[in-house]
Amino acid sequence: MISSIKHTSSSFTSADFFSRKRFSSTKPIFSPLPIIKNSTLNDSFSSKKPLHVSTTQSFTFSPKQEQQQLQTQCNAYEADRSRPLDIVLDEQARLEAAQRIKIGIYFATWWALNVVFNIYNKKVLNAFPYPWLTSTLSLACGSLMMLVSWATRIADAPKTDLDFWKTLFPVAVAHTIGHVAATVSMSKVAVSFTHIIKSGEPAFSVLVSSFLLGETFPVPVYFSLLPIIGGCALAAVTELNFNMIGFMGAMISNLAFVFRNIFSKKGMKGKSVSGINYYACLSMMSLFILTPFAIVVEGPQMWSIGWKTALAQIGPNFIWWVAVQSVFYHLYNQVSYMSLDQISPLTFSIGNTMKRIFVIVSSIIIFRTPIQPINAIGAAIAILGTFLYSQAKA
């Protein structure tokens, strides 16, 4: 507790002063407020911690004058804290500003990494239309990066047990399905269209939570689903290059990621692994689940033919594209989990909505995706609905 007292305009006569007991002079009240002006003094004073007076200025007293002015200004602080209040407040303001800057850097990095991933992922899929292998390489790259980080002690390895991996398994299954489905979608339709459909994930979240888990939500949450569903539907029916496989891939990805979030909330309560290491463990288990399915669905023979064709058409740059999309997939997810450790779910949801806008606009510009005005209106309505949903659920 730190206090500063400015005592002004307390007047009394000499007779009044000497008529009182010698040591019963009126005492000022110390307060944590910066400045307190008292015209009526109170003799009661209590403090849980002793105070030290650091400075005293302009203390004047003359018994010859009928009206006396007693003016005292002092800086006081707790005995166990030797810094004035203004210094502490300045430090707190600096810490809050630094935290806001840190979150801003997280968001900017998250969005930028996501844009780079989507661009190079689409380039790879245009030249090498094998989304199962592309998804597998993304998970493999991230898993390798984290293993190297743990081995070199760049990051501390998590302390896990068998129970942790058991609870992580359903989360990894849902994550794998969502990841592959989104990649399949982007192999068939424009990046912008995939993200417009994926902005409808809150609708799936409410529907699944209501019908399967019996949860109820405030009325504004249900109303916020109307622009989400309507906007996605308008964008889908007006899409110039509509593809049913691409559309269904985005829808399945939405559903899978909703179940991933549900399993994660239910199964990971009380677990100490979070942030970077949590996503690293999730990637490794997803890689373990996905690899055999990728071999069965596509297979090494198809990959070999497709790889040679892509190298013949693109050249050595194709290898660079694959490496970039694999690395940046892990990085943007890693930063998003790091951000979630620092901010509230509401702030994260708003950031995710803004990320989709950033990706949609960037992909339209870079790939010169043709888009009709009515299609753009549908996308804007869906994204607005997502924002309203995050606000209503807060």
Side-chain angles (χ1 to χ4, degrees), residues 107 110-111 114-115 117-118 121 135 170-186 188-213 215 217-218 220-236 239 246-266 279 282 286 329 332-333 336-337 339-340 343-360 363 378-394:
F107 272 9
W110 175 23
W111 298 346
N114 194 272
V115 168
F117 160 72
N118 279 277
N121 187 48
S135 301
V171 182
V173 171
H175 178 74
T176 304
I177 296 173
H179 175 42
V180 173
T183 309
V184 170
S185 175
M186 282 192 282
K188 299 295 183 180
V189 296
V191 175
S192 57
F193 181 71
T194 297
H195 279 274
I196 291 171
I197 301 304
K198 283 180 67 62
S199 66
E201 184 176 326
F204 285 87
S205 178
V206 172
L207 293 176
V208 170
S209 299
S210 298
F211 289 104
L212 296 185
L213 303 180
E215 295 183 11
F217 298 90
V221 171
Y222 293 105
F223 278 112
S224 69
L225 301 183
L226 297 178
I228 295 176
I229 297 173
C232 288
L234 183 60
E239 174 66 23
F247 174 75
M248 292 304 299
M251 296 288 281
I252 293 172
S253 178
N254 282 339
L255 187 62
F257 283 143
V258 166
F259 278 104
R260 180 193 65 179
N261 296 337
I262 292 174
F263 292 146
S264 181
K265 290 178 182 178
K266 285 185 171 294
Y279 181 71
L282 182 62
S286 295
Y329 173 78
Y332 99 75
N333 278 287
S336 71
Y337 273 82
S339 302
L340 192 56
I343 59 180
S344 66
L346 173 61
T347 305
F348 183 85
S349 178
I350 295 173
N352 195 42
T353 302
M354 299 303 295
K355 178 206 73 176
R356 294 210 185 280
I357 298 174
F358 203 51
V359 171
I360 290 170
S363 64
I381 292 174
I383 293 172
L384 175 62
T386 304
F387 176 78
L388 295 176
Y389 167 83
S390 64
Q391 295 295 310
K393 199 177 178 183

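When a residue number appears, it is its place in the shown sequence, counting from 1. Hydrogens, waters and symmetry mates play no part in the numbers below; they use all other heavy atoms, side chains included. Being a predicted model, the structure only gives us computed values, none of them experimental.
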I'd like a table of donor-acceptor pairs (distance under 3.5 Å, sequence neighbours excluded) in which one partner is a side-chain atom from residues 226-235, with atom names and distances.
none

If you look at every heavy atom in [X] and [Y], which pair is closest and at what distance?
X      : Y      : result
Ala236 : Phe193 : CA-CE1, 3.6 Å
Gly246 : Val189 : CA-CG1, 4.0 Å
Ser210 : Phe217 : OG-CE1, 3.7 Å
Ile177 : Ala256 : CG2-CB, 3.9 Å

So how far is it from [X] [atom1] to [Y] [atom2], rounded to the nearest 0.5 Å?
X      : Y      : atom1 : atom2 : value
Ser336 : Phe107 : OG    : CZ    : 10.5 Å
Ile262 : Phe257 : CD1   : CZ    : 14.0 Å
Met354 : Trp110 : CE    : CH2   : 11.0 Å

Hey, are Thr386 and Ser199 close enough side-chain-wise for a donor-acceptor pair under 3.5 Å? no
Could you work out, with side-chain hydrogen bond (donor to acceptor under 3.5 Å, both in side chains) as the rule, every residue matching [X], not counting sequence neighbours?
X      : value
Asn114 : Asn118
His179 : Tyr329
Ser253 : Lys198
Asn352 : Lys355

May I ask you to decide if Val221's main-chain N or O and Ser224's side chain share a donor-acceptor pair within less than 3.5 Å? yes
Within a strict 4.5 Å, meaning less than it, do heavy atoms of the Ile357 and Phe387 side chains meet?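 A side-chain contact is absent here, since even the closest heavy-atom pair is not under 4.5 Å.
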Any side-chain heavy atom of Ile383 sitting closer than 4.5 Å to one from Ile360? yes
Heavy atoms from other residues, nucleotides or ligands near OH of Tyr222 exceed 12 (cutoff 6.0 Å):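 Correct, the count exceeds 12.
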Mind checking what makes side chain to side chain contact (heavy atoms under 4.5 Å, CB included) contact with Pro170, not counting sequence neighbours? Phe263
Sequence neighbours left out, what passes side chain to side chain contact (heavy atoms under 4.5 Å, CB included) with Ser286? Give chain and number order.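 Only Leu139, Ala172, His175, Thr176, Leu282 meet the side chain to side chain contact (heavy atoms under 4.5 Å, CB included) criterion with Ser286.
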Tabulate below the donor-acceptor pairs under 3.5 Å that side-chain atoms of residues 200-209 make, not counting sequence neighbours, or state none.
from	atom 1	to	atom 2	distance (Å)
Ser209	OG	Ser205	O	2.8

